[in-house]
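See structure below.
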Amino acid sequence: QVQLVESGGGLVQAGGSLRLSCVGSGSTLRFDDMGWYRQAPGRERYLVARITRGGNTDIDGSVTGRFTISRDNAKNAVYLQMDKLKTEDTAVYYCNAIQGWGPKYSWGQGTQVTVSS
């Protein structure tokens, strides 16, 4: 079993930056494609960024050019660098391994990102 813990969220002004961290425990994540998901109030949870086992990345069009996903297998961690934040980025952000169309492991608690104008 893998436990996922997200951190790094907070309250920022539009145009600011945050760096989110996701650390797994219990088992290695190095063989998994990993992703960051977000869920805004009243909205569905969806994938905004993905990084494969080999380090290839895919970024959703809504955040491309502003968000960067990376990983550090030695730390069993995945990161999301968020720049030029917009109010519409406000959401709870979750990480998970990607298997098929959805998440592989149980969801963690996520980390809240709130962007003010």
Side-chain angles (χ1 to χ4, degrees):
Q1 297 181 343
V2 173
Q3 180 178 340
L4 300 167
V5 179
E6 301 93 345
S7 63
L11 174 63
V12 298
Q13 190 172 347
S17 297
L18 285 172
R19 187 173 182 85
L20 307 184
S21 297
C22 168
V23 178
S25 62
S27 186
T28 182
L29 299 173
R30 62 180 173 172
F31 302 117
D32 290 323
D33 291 358
M34 297 295 297
W36 281 97
Y37 300 75
R38 71 184 185 188
Q39 185 170 24
R43 305 284 186 88
E44 73 282 358
R45 188 177 303 181
Y46 75 100
L47 184 69
V48 296
R50 182 181 76 112
I51 184 166
T52 69
R53 170 185 177 182
N56 300 115
T57 61
D58 293 295
I59 309 296
D60 184 76
S62 64
V63 300
T64 187
R66 300 188 298 115
F67 289 11
T68 304
I69 188 171
S70 61
R71 67 193 301 165
D72 185 342
N73 288 334
K75 292 182 169 62
N76 217 34
V78 186
Y79 307 101
L80 187 67
Q81 178 67 43
M82 310 165 67
D83 299 317
K84 300 178 181 178
L85 283 162
K86 303 176 180 180
T87 55
E88 53 261 44
D89 296 321
T90 295
V92 179
Y93 285 73
Y94 304 85
C95 68
N96 215 318
I98 299 170
Q99 187 175 52
W101 292 96
K104 182 177 180 179
Y105 304 115
S106 298
W107 297 105
Q109 295 300 304
T111 185
Q112 175 71 52
V113 172
T114 303
V115 184
S116 65
S117 60

Does the T114 side chain pair with the main chain of L11, one donor and one acceptor, at a distance under 3.5 Å?
no

Among side-chain atoms of Y37 and R45, is any donor-acceptor pair under 3.5 angstrom?
no

R38 side chain to Y94 side chain, donor-acceptor N/O pair below 3.5 angstrom:
no

Under the salt bridge (charged side-chain N to carboxylate O under 4.0 Å, His left out) test, residues paired with [X] that sit two or more places apart:
| X | value |
| --- | --- |
| R50 | D33, D58 |
| D83 | none |
| K84 | none |
| K86 | none |

Is R19 close enough and on-axis enough to Y79, meaning under 6.0 Å and within 45°, for cation-pi?
yes

Atom CD of Q13 and atom OG of S116: how far apart are they, to the nearest 0.5 Å?
5.5 Å

Which residues share a side-chain contact (heavy atoms from CB on, under 4.5 Å) with A14, sequence neighbours left out
V115

Side-chain ion pair, D32 and K104, N-O less than 4.0 Å
yes

Residues clustering with W101 (ILVMFWY side chains joined when closer than 4.5 Å, directly or via others)
none

